[in-house]
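A short write-up of the structure that comes next.
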Amino acid sequence: MNALGEKIARLLAANGPISIAEYMAIALQDPEHGYYTTRDPFGASGDFITAPEVSQMFGELIGLWMVQAWRDQGSPAPCRLVELGPGRGTLMADALRAAKLDPQFLASIEVVLIESSPVLRDVQKTTLANFGKPIRWLDRFDESLSDKPLFLIANEFFDALSIRQFIMAERGWCERLIGLDTSGALTFGLSPQPSALAIPSDRGLPDLGAVYEVSPAAEALVEQIAHAIAVEGGAALIVDYGYGDGAGFGDTLQAVSRHNYASILDAPGEADLTAHVDFAGLGRAAECAGAKAYGPVEQGEFLCRLGIVDRAQRLAMANRRGSRGLGKQPELKRQLDRLILPGQMGTLFKALAIVHRAAPTPAGF
Ligand code: SAH
């Protein structure tokens with residue numbers, strides 16, 4: 001067992017079992033050994049690769065989406081451009097470069113990055129060093145971000161937020177917990193009492209062993225964001241992998257290390273832990289808070305509607321003239337395919353938009 005495993009085992013021995021949500025929070029965010037606190041997980045040599053790391057086109061199109069959403073709401077100034085979990089800062093760098101076509105937009109925004117990892121904050125500072133304005137970092141989204149129109153992007157952030165899991169047992173829906181086995185190792189178990197949580201029952205009686213997932217952390221955060229948008233105006237774009245309709249049922253908790261599935265319990269803090277995002281649930285949370293939700297739309301469809309194929313062709317032409325150091329065209333084609341094809345990131349990943357009720361339908365939806 002690694003050092004974080006031993007720390008968790010001591011906690012369990014003293015206090016009893018913890019929920020999947022508590023385990024995820026510790027494994028990902030422990031200040032000493034947590035997965036995101038201790039490393040830069042991206043790229044070919046890391047654990048996984050994200051859309052902005054695949055191609056600059058992704059961040060550029062999102063930058064243009066933000067400019068359009070801002071103009072749709074009367075170009076409010078001042079306002080905020082916020083990113084949740086900016087990773088290496090690549091998406092924001094590409095988005096700000098594309099947004100240069102509207103200097104008024106750039107003049108109007110304060111850029112705020114929400115990042116809990118000190119390691120990734122440093123990487124973001126380097127990536128964004130040449131952006132001409134100060135950037136503010138916060139550990140979490142808080143009320144200080146609710147007093148101006150809010151333009152927010154989150155790519156592969158919500159999948160890292162904690163989920164709770166419930167399993168259908170003879171005695172009813174019980175919460176899946178993590179405790180210790182007789183040898184002192186971490187193991188999965190079930191709450192002794194059925195849960196009082198309201199679990200949707202509109203699809204008949206579930207089979208024994210059925211799994212239901214919910215992310216109170218994600219829903220609470222979306223409510224906060226949507227409330228700010230409902231009151232001050234603005235737009236949020238959430239891109240992640242997850243369910244469209246019929247969400248919630250099925251076990252999607254997974255650990256990934258070095259581009260392969262890994263054990264969830266064996267080496268906490270050494271693998272990324274994620275779960276599918278329940279877009280329909282987030283959309284409902286946003287509407288309850290008074291904003292309007294659009295989507296989810298599959299990422300391939302969304303990026304095509306924003307003009308990614310045209311953008312790729314322009315980049316390829318620029319490459320041919322040797323004026324851009326972007327590599328050869330087969331590489332560009334490979335990047336495009338990776339972002340939009342079904343079976344790659346095109347259909348599993350989806351985009352959800354949350355905008356002010358009075359705003360027009362956002363681009364791509
Ligand atoms: N958006 C980036 C990175 C995705 S990985 C990209 O697309 O490449 C998730 C990011 O969210 C990392 O930057 C991670 O450190 C950050 N993160 C994860 N959980 C967080 C939390 N609870 N609070 C703040 N940041 C978090």
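One-based numbering, in listed order, for ligands and for the atoms of each.
The contact set between ligand 1 and Pro52, taken as ligand atoms under 4.0 Å from a residue heavy atom, comprises 6 (C), 7 (O), 8 (O). Under a 4.0 Å criterion applied to the non-hydrogen atoms of Asp139, ligand 1 contributes the atoms 23 (N), 24 (C). Counting atoms of ligand 1 from 1 in the listed order, those under 4.0 Å from a heavy atom of Ser117 are 15 (O). Remark: ligand 1 atoms within the under-4.0 Å shell around heavy atoms of Gly87 are 2 (C), 3 (C), 13 (O).
A tilted orientation is assigned to the rings of Phe365 and Tyr294, their planes being inclined by 30° to 60°.
A donor and an acceptor atom, one from each side chain of Asp30 and Tyr35, are nowhere located under 3.5 Å apart.
Protein heavy atom in closest approach to atom 6 (C) of ligand 1: Thr50 OG1, 3.3 Å. The nearest heavy-atom contact from the protein to atom 11 (O) of ligand 1 is Gly85 CA, 3.1 Å. Summary of contacts: the protein heavy atom closest to atom 17 (N) of ligand 1 is Phe157 CE1, 3.9 Å. Among all protein heavy atoms, the one lying closest to atom 18 (C) of ligand 1 is Gln29 NE2, 3.6 Å. For atom 13 (O) of ligand 1, the closest non-hydrogen atom of the protein is Glu115 OE1, 2.6 Å. Among protein heavy atoms, the minimum distance from atom 4 (C) of ligand 1 is reached at Glu156 O, 3.4 Å.
Here His259 and Phe48 keep their ring centres 6.0 angstrom or further from each other. Ring-centre distance between Trp173 and Phe166: not below the 6.0 Å cut-off.
A salt bridge is defined here as a Lys NZ or Arg NE, NH1 or NH2 lying under 4.0 Å from an Asp or Glu carboxylate O, and Arg88 with Asp122 fails to meet this definition.
The residue Arg88 has no part lying near ligand 1, judged by heavy-atom distances below 4.0 Å. Residue Leu91 does not touch ligand 1, judged by heavy-atom distances below 4.0 Å. Counting heavy atoms closer than 4.0 Å to ligand 1, residue Asn155 contributes atoms from both its backbone and its side chain.
For the residue pair Leu253 and Glu213, the shortest heavy atom distance occurs at N-OE2, 3.5 Å.
Under the 6.0 Å distance and 45° angle rule, Arg176 counts as a cation-pi partner of Phe188.
Clustering of Ile, Leu, Val, Met, Phe, Trp and Tyr by side-chain heavy atoms under 4.5 Å joins Val256 with Tyr261.
Using a 4.0 Å heavy-atom cutoff, Leu120 is listed among the residues neighbouring ligand 1.
Proximity of Leu28 to Ser116: side-chain heavy atoms (C-beta onward) are nowhere separated by under 4.5 Å.
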